[in-house]
Amino acid sequence: MSKTSPAAPRGKLSISLEDSGDELDGLSQSIQQLSTANTKPEQSIKPAADKKEPSSDDFVEQEVEVRLADIQADPNSPLYSVKSFDKLGLHENLLKGIYEMNFTKPSKIQERALPLLLANPPRNMIGQSQSGTGKTAAFVLTMLSRVDYDLQAPQALCLLPSRELARQTMDVVEKMGKYTPMKAKYAIKDSVKRGEVIDAHIVIGTPGTVADLIRKRALPLDNIKLLVLDEADNMLSLQGLGDQTLRIKNLVHSDCQIILFSATFPEQVRTFTQRFAPEANEIRLKATELTVDGIKQFYMDCKDAQHKFEVLSQLYSLMTVGQSIIFVRRRDTAERIAGRMTSEGHAIVFLHGTMDSIERDKVMDDFRKGDIKVLITTNVIARGIDIQQVNLVINYDIPVDSEHRPDPETYLHRIGRTGRFGRTGASVNFVHNEQSMEQMEAIQAALGCNITKVPTDDWEQARKILKKALK
Ligand SMILES: Nc1ncnc2c1ncn2[C@@H]1O[C@H](COP(=O)(O)OP(=O)(O)OP(=O)(O)O)[C@@H](O)[C@H]1O
């Protein structure tokens with residue numbers, strides 16, 4: 001695959017996503033690009049058969065695009081960039097895939113990370129950017145650019161924390177790689193037949209299954225030149241998947257390019273990430289830059305645990321919500337609340353980690369298609385899941401870590417299921433006693449964000465506040 005490669009950077013780079021550098025100079029150029037970018041690439045690629053009469057959906061889509069263009073022209077936005085995709089050193093077949101996905105301009109993380117990721121000799125990367133700002137495209141395009149399509153063997157291995165995220169990432173790989181001869185394969189539960197040896201160029205999986213396949217010699221690692229960890233802080237956390245991830249990393253060549261991406265890199269994993277990906281180029285956010293402006297954050301003060309359910313039920317009776325995700329701490333709570341909501345006439349499904357693969361896939365597919373509007377779940381899908389129609393996230397239980405300490409990272413990932421790529425959304429936290437109030441306040445202080453009260457005794461007022469935020 002021929003590639004117009006940008007000049008390789010000299011030495012290690014450490015960038016803050018908010019540093020301005022050449023951005024102001026590029027503003028007028030960027031506005032010019034926007035006015036042409038919106039029409040040019042899509043028109044040349046979309047087949048004529050796609051043309052149809054405008055429907056109300058088109059107007060919604062157009063509105064988002066116009067707003068997105070404004071946001072992408074704002075130097076303070078994480079979606080801002082000065083360059084177009086054509087200037088990032090990508091192969092034309094990948095550009096075709098990108099434009100067919102209706103991406104017109106890169107986001108800040110894409111613009112900054114891609115030239116570093118594609119430079120030769122390959123260099124490790126630790127990349128941080130807010131939720132919903134397009135990190136997936138950055139590492140997917142790197143995998144698709146780096147593999148040798150003439151070699152039928154796994155060359156890029158992408159590890160992520162959940163089956164659902166693996167499936168979503170595969171979808172992006174297939175769309176972006178549509179005009180390449182790439183082969184990609186899952187390494188998730190029930191995806192590889194007994195006796196099968198994976199020969200796909202790109203492998204996407206969860207660490208447990210990947211480790212298992214390596215042990216069974218079903219996943220050869222000799223040609224792996226790229227190891228990607230999405231949700232890297234989670235993949236490296238010692239209470240979580242850190243052990244398995246480290247074992248896998250120790251089995252790949254020492255000169256393999258290591259790419260770590262996440263919206264969060266808490267202090268306690270920083271040293272470990274730097275050891276895991278030595279000499280990496282780093283793109284970091286400050287603690288105060290982590291929240292996404294488009295997500296309005298609220299809380300509702302419930303009288304006790306029982307009242308939380310009444311408030312939830314009332315909320316869904318009064319509000320017209322697009323799609324929403326309710327997060328709870330425990331699997332049994334998810335099932336119990338789904339049962340009670342269903343008996344009260346609300347259409348809701350649950351998803352958690354002990355369900356079998358077929359059930360999980362069906363729930364997620366139904367929710368993604370929009371057949372189901374409300375999903376209640378645990379932290380299993382707190383990270384990475386991208387469903388643009390989700391405009392409300394409810395923290396039925398405030399997120400805490402395994403030692404019951406407030407967990408700002410999980411909070412950020414959970415609320416980040418809405419407000420994707422410049423869209424607006426709302427999150428509502430339920431507090432019901434002193435402890436949960438303190439936990440929420442600790443999260444608010446850690447992130448320096450504003451969480452506004454919505455009354456539980458004046459539903460007309462509550463409806464107004466939330467309706468405005470959900471617009
Ligand atoms: N340049 C772009 N132009 C338009 N849309 C984009 C662009 N890049 C990404 N998107 C879209 O933005 C959404 C969010 O992207 P993505 O899922 O990669 O975010 P993320 O940064 O990985 O978020 P998270 O931290 O939650 O995992 C997706 O729907 C994706 O298709």
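Hydrogens, waters and symmetry mates play no part in the numbers below; they use all other heavy atoms, side chains included.
Not one N or O on the side chain of Glu231 forms a donor-acceptor pair closer than 3.5 Å with the backbone of Arg383. Not a single donor-acceptor pair under 3.5 Å links the side chain of Asp366 to the backbone N or O of Asp371. Remark: the backbone N or O of Ile126 is not paired with any side-chain donor or acceptor of Gln128 at under 3.5 angstrom. Judged by distance alone, the side chain of Ser191 and the main-chain N or O of Ile188 form a donor-acceptor pair under 3.5 Å. Remark: side-chain polar atoms of Glu289 are paired, donor with acceptor, to backbone N or O of Lys286 under 3.5 angstrom. With hydrogens and angles disregarded, no donor-acceptor distance shorter than 3.5 Å links the side chain of Asn223 to the backbone of Gln155. When atom types are taken as modelled, the side chain of Thr377 and the backbone of Leu351 share a donor-acceptor pair closer than 3.5 angstrom. When atom types are taken as modelled, the side chain of Asn379 and the backbone of Ala382 share no donor-acceptor pair closer than 3.5 angstrom. Ser262 contributes no side-chain N or O that, together with a main-chain N or O of Phe265, makes up a donor-acceptor pair within less than 3.5 Å. For the pair Asn429 (side chain) and Asn395 (backbone), a donor-acceptor distance under 3.5 Å is absent.
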Q.
Is there a side-chain contact (heavy atoms from CB on, under 4.5 Å) between Cys158 and Ile202? Walk through the geometry before answering.
A. CA-CA 8 Å; Cys158 174; Ile202 295 174; 5.6 Å; no

**Q.** Lys175 vs Asp171, salt bridge (charged side-chain N to carboxylate O under 4.0 Å, His left out): CA-CA, chis, key distance, verdict
**A.** CA-CA 6 Å; Lys175 285 187 177 134; Asp171 195 48; 3.0 Å; yes

Q: For side-chain contact (heavy atoms from CB on, under 4.5 Å), just list the numbers for Met355 and Phe350, CA-CA rounded to whole Å, side-chain angles, deciding distance to a tenth of an Å, and then say yes or no.
A: CA-CA 10 Å; Met355 289 160 64; Phe350 63 84; 3.9 Å; yes

Q.
Checking Asn93 against Thr180 for the side-chain hydrogen bond (donor to acceptor under 3.5 Å, both in side chains) test, could you report, in this order, the C-alpha distance in whole Å, the side-chain angles of both residues, the deciding distance, and whether it holds?
A. CA-CA 6 Å; Asn93 288 345; Thr180 72; over 6 Å; no

**Q.** Test log, rule side-chain contact (heavy atoms from CB on, under 4.5 Å), inputs Thr418 and Leu392
**A.** CA-CA 6 Å; Thr418 184; Leu392 176 66; over 6 Å; no

Q | Derivation of the side-chain contact (heavy atoms from CB on, under 4.5 Å) call for Arg163 and Asp361 | A | CA-CA 9 Å; Arg163 167 181 196 86; Asp361 292 354; 2.8 Å; yes

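Salt bridge status for Glu279 with Arg123: present, with a side-chain N to carboxylate O gap under 4.0 Å. Looking at Lys183 and Asp199, a side-chain N of the basic residue comes within less than 4.0 Å of a carboxylate O on the acidic one, giving a salt bridge. A salt bridge is defined here as a Lys NZ or Arg NE, NH1 or NH2 lying under 4.0 Å from an Asp or Glu carboxylate O, and Arg368 with Asp365 fails to meet this definition.
Contact check for Val172 versus Asp386: no side-chain heavy atoms found under the 4.5 Å cut-off. Residues Pro154 and Leu219 meet the side-chain proximity criterion, which asks for heavy atoms closer than 4.5 Å. Side-chain contact between Ile381 and Met364 is present, with at least one heavy-atom pair separated by less than 4.5 Å. Ile387 places none of its side-chain heavy atoms less than 4.5 Å from the side chain of Arg420. Side-chain contact between Ser107 and Phe421 is present, with heavy atoms from C-beta onward closer than 4.5 Å. The side-chain heavy atoms of Ile283 and Ser129, taken from C-beta on, include no pair separated by under 4.5 Å. Between Phe367 and Val390 the shortest side-chain heavy-atom distance falls below 4.5 Å. Looking at heavy atoms from C-beta onward, Leu118 lies in side-chain contact with Leu90 at the 4.5 angstrom threshold.
Here the CG atom belonging to Leu290 is positioned 7.5 Å from the OG1 atom belonging to Thr288, to the nearest 0.5 angstrom. Rounding to the nearest 0.5 Å places OG1 of Thr104 at 11.0 Å from CD1 of Ile98. Put simply, CZ on Arg360 and OG on Ser162 are 7.0 Å apart, with the number rounded to the nearest 0.5 Å. A distance of 5.5 Å separates CG in Leu141 from CG in Leu114, rounded to the nearest 0.5 Å. To the nearest 0.5 angstrom, Asp86 atom CG is 5.5 Å from Leu95 atom CG. Summarising the geometry, atom OG belonging to Ser324 is positioned 8.5 Å from atom CG belonging to Leu375; distances are rounded to the nearest 0.5 Å.
Between Phe276 and Phe272, the ring planes lie perpendicular to each other; the angle is over 60°, past the 30° to 60° tilted range.
Closest of all the heavy-atom pairs between Met182 and Leu144 is CG-CD2, 3.7 Å. For Pro161 against Asp230, the heavy-atom pair with the smallest separation is CD-O, 3.9 Å. The two residues Ile248 and Pro207 come nearest to each other via the heavy atoms CD1-O, 3.6 Å. Nearest approach of Arg270 to Leu285, heavy atoms of both residues: NH2-O, 4.4 Å. Residues Leu151 and His201 come closest through the heavy atom pair O-CD2, 3.2 Å. Scanning both residues, Asp222 and His253, for their nearest heavy atoms gives O-NE2, 2.8 Å.
Counting heavy-atom neighbours within 6.0 Å of Asp293 CG, excluding the residue itself, gives a total of 12 or less.
Taking the ring centre of Phe261 as origin, the terminal cationic atom of Lys135 falls outside the region bounded by 6.0 Å and 45° from the ring axis.
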